[in-house]
Participant: 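Quick one: structure below, then a few questions.
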2 protein chains.
Amino acid sequence: MPNNQFKKGELYSFITGKASTAIARRLQKKFNNAGLNLTIEQWSVLYHLWKEDRKSQQELCNATYRDKPSITRLLDNLEKLQLVKRVASEDDRRINKICLTKQGQKLQEHTMKLAEETLNDALEGVPPDQIDLCKEVLQKVYDNLK
Amino acid sequence: MPNNQFKKGELYSFITGKASTAIARRLQKKFNNAGLNLTIEQWSVLYHLWKEDRKSQQELCNATYRDKPSITRLLDNLEKLQLVKRVASEDDRRINKICLTKQGQKLQEHTMKLAEETLNDALEGVPPDQIDLCKEVLQKVYDNLK
DNA sequence: TTTGATTAGTTGTTTAACTAACTATATGCC
DNA sequence: GGCATATAGTTAGTTAAACAACTAATCAAA
């Protein structure tokens, strides 16, 4: 086995796991320490609803890069936590519009602050132009695989 | 809510999810298409065993950034597939040395080739120096959060 | 207008991550 | 030797991802 392949393997682990899971774990810990009973996955759904409410489940799939069953279950749990409500669309009865509850809205400010902190922790000492370039590379990777 | 926070949110989603899950999904598909009954997570454990056999479970935890229960279950499944075997250490009976079976060894060449293909697909058109810089940024992120 | 295809969402099943609580072995100190 | 502590690994319970198979509503074309 040529050594080259293991080098690529290292690169693979960088891209697929290490940094991204570290960020998610850090944010999750901040949530837990703040007494917020919320998973990162649930937060990532709320995030897109804070930008624009009343999205359909399909729109949430596209926004969060998840498939439909994943969104169904995440919304099940978010409804149990009374953070969102499914509201049947009047125009098209197949569609659920997902609405934030008061409680769901209230979480925005605090959790976004914790997310910002997490990113600041993560990116400390990384120059802005390198952040931009890294973002470009990751976007390119995503586009390449679309 | 200042718009700045949503910009950071976008960055967050770039780093934590999009590209990395796209790569993993692509490789998983290659495995499935090749008729390999193997998850990416299982493969990532085998990967470290191919580099060096007879690692303890704790060493696999460190190598793969997983906790002990995760490794326990992954090894349960890898044992079911008869790709590895737990062998009690003679020096310290708390320790399991994880050994590749013949079948486990045989998977290396094919799957590493598919992983290399996946990385080539993912990184097509990205100059090597940008790949290196991206890798450095992700390493820095990981170190910042350690 | 009815039939066929498409779209939106749900359910079932398997695999995996994370936390907490647990057992068993080893180590260090008195 | 005996006790406290640390280390290696397992088990239990919840949440989530991926895939396949499913229901219900809509749309389009004959």
Side-chain angles (χ1 to χ4, degrees), chain A residues 16-18 20-33 36-46 54-62 64-81 83-84 86-98, chain B residues 16-18 20-33 36-46 54-62 64-81 83-84 86-98:
Chain A
T16 56
K18 232 169 86 157
S20 68
T21 58
I23 293 181
R25 289 198 264 236
R26 171 66 63 98
L27 181 54
Q28 183 69 68
K29 245 173 215 163
K30 280 185 199 278
F31 284 0
N32 296 346
N33 291 342
L36 296 169
N37 180 24
L38 192 70
T39 68
I40 299 306
E41 293 81 5
Q42 291 164 358
W43 173 79
S44 76
V45 173
L46 293 179
R54 300 185 64 78
K55 284 191 166 80
S56 72
Q57 296 191 196
Q58 184 59 55
E59 287 170 322
L60 286 173
C61 292
N62 299 339
T64 63
Y65 313 106
R66 289 184 170 88
D67 65 2
K68 289 193 288 181
S70 297
I71 288 294
T72 292
R73 263 118 193 183
L74 278 170
L75 291 175
D76 289 346
N77 286 327
L78 284 168
E79 272 197 317
K80 269 187 221 153
L81 294 170
L83 300 176
V84 305
R86 286 171 165 100
V87 177
S89 165
E90 288 159 17
D91 306 339
D92 184 336
R93 284 192 296 160
R94 291 171 304 181
I95 294 177
N96 291 334
K97 297 287 191 180
I98 310 304
Chain B
T16 58
K18 233 168 87 156
S20 69
T21 59
I23 294 181
R25 288 199 266 235
R26 171 67 63 99
L27 181 54
Q28 183 68 68
K29 246 175 214 160
K30 280 185 199 277
F31 285 180
N32 297 346
N33 291 342
L36 296 170
N37 179 24
L38 192 70
T39 68
I40 300 305
E41 292 81 5
Q42 290 163 359
W43 174 80
S44 77
V45 172
L46 293 179
R54 300 185 64 79
K55 284 190 166 79
S56 72
Q57 296 191 197
Q58 184 59 55
E59 286 171 323
L60 286 172
C61 291
N62 299 338
T64 63
Y65 312 108
R66 288 183 171 88
D67 64 4
K68 290 193 289 181
S70 298
I71 289 294
T72 292
R73 314 269 190 205
L74 278 170
L75 292 175
D76 289 346
N77 287 328
L78 284 168
E79 272 197 318
K80 270 187 220 153
L81 294 169
L83 300 176
V84 305
R86 286 171 165 100
V87 176
S89 165
E90 289 159 17
D91 306 338
D92 185 336
R93 284 192 297 160
R94 292 172 302 179
I95 294 176
N96 291 333
K97 297 287 192 182
I98 310 304

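Naming convention: chains lettered A, B, ... in sequence-line order (proteins, then strands); numbering from 1 in each chain.
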Participant: For a quick test of reading the model, state the closest non-hydrogen atom pair linking B:L38 to B:Q28 and the distance between them.
Facilitator: O-NE2, 3.0 Å

Participant: Is the phosphate of C:dA8 approached by A:R93 (side-chain N or O, under 4.0 Å from OP1 or OP2)?
Facilitator: no

Participant: Remember a base hit wins even if backbone is also touched, and classify A:I71 as base, sugar-phosphate or nothing at under 4.0 Å, heavy atoms.
Facilitator: nothing

Participant: Say you draw a straight line from CG of A:L74 to CG of A:L60; how long is it, rounded to the nearest 0.5 Å?
Facilitator: 9.5 Å

Participant: Output the rounded distance in Å from CD1 (B:I98) to P (D:dG9).
Facilitator: 7 Å

Participant: What I want to check is whether an N or O donor and acceptor connect the side chain of B:R94 with the base of D:dT7 at under 3.5 Å.
Facilitator: yes

Participant: Between A:E90 and A:E41, which is nearer to the 5' end of DNA chain D once each is assigned its nearest nucleotide?
Facilitator: A:E41

Participant: Can you list the residues that meet the side chain to side chain contact (heavy atoms under 4.5 Å, CB included) rule with B:D76, with sequence neighbours excluded?
Facilitator: B:T72, B:R86

Participant: Tell me which nucleotide among D:dT26, C:dT11, D:dA12 gets nearest to the side chain of A:T72.
Facilitator: C:dT11

Participant: Can a side chain N or O of B:N77 be found less than 4.0 Å away from OP1 or OP2 on C:dA16?
Facilitator: yes

Participant: Given atom CD1 of A:I95 and atom C1' of D:dA25, what is their separation to the nearest angstrom?
Facilitator: 10 Å

Participant: More than 12 heavy atoms of other residues, nucleotides or ligands under 6.0 Å from CG of A:N37: yes or no?
Facilitator: no

Participant: On DNA chain C, nearest-nucleotide positions of B:T39 versus A:N32: which is more 5'?
Facilitator: B:T39

Participant: Distance check needed: D:dA16 P versus A:L38 CG, whole Å only.
Facilitator: 9 Å

Participant: From C-beta outward on A:D67, which listed nucleotide comes closest to its side chain: D:dA8, C:dA8, D:dA18?
Facilitator: D:dA18

Participant: Kindly point out which of C:dT11, C:dA8, D:dT26 is positioned nearest to the side chain of A:D92?
Facilitator: D:dT26

Participant: Could you state the interatomic distance from CG (A:L78) to CD (A:E41), rounded to the nearest 0.5 Å?
Facilitator: 10.5 Å

Participant: Any idea which of C:dG9, D:dA16, D:dA8 is nearest the B:Q58 side chain?
Facilitator: D:dA8

Participant: Heavy atoms from C-beta onward define the side chain here; which of D:dA18, D:dG9, C:dA20 lies closest to that of B:R25?
Facilitator: D:dA18

Participant: In this structure, how many angstroms lie between the P atom of D:dA16 and the CG atom of A:N37, rounded?
Facilitator: 10 Å

Participant: To the side chain of A:N96, which of C:dG9, D:dA16, D:dT10 is closest?
Facilitator: C:dG9

Participant: With a cut-off of less than 4.0 Å, is there a side-chain N or O of A:Q28 near OP1 or OP2 of C:dT19?
Facilitator: no

Participant: Is the phosphate of C:dT14 approached by B:R73 (side-chain N or O, under 4.0 Å from OP1 or OP2)?
Facilitator: no

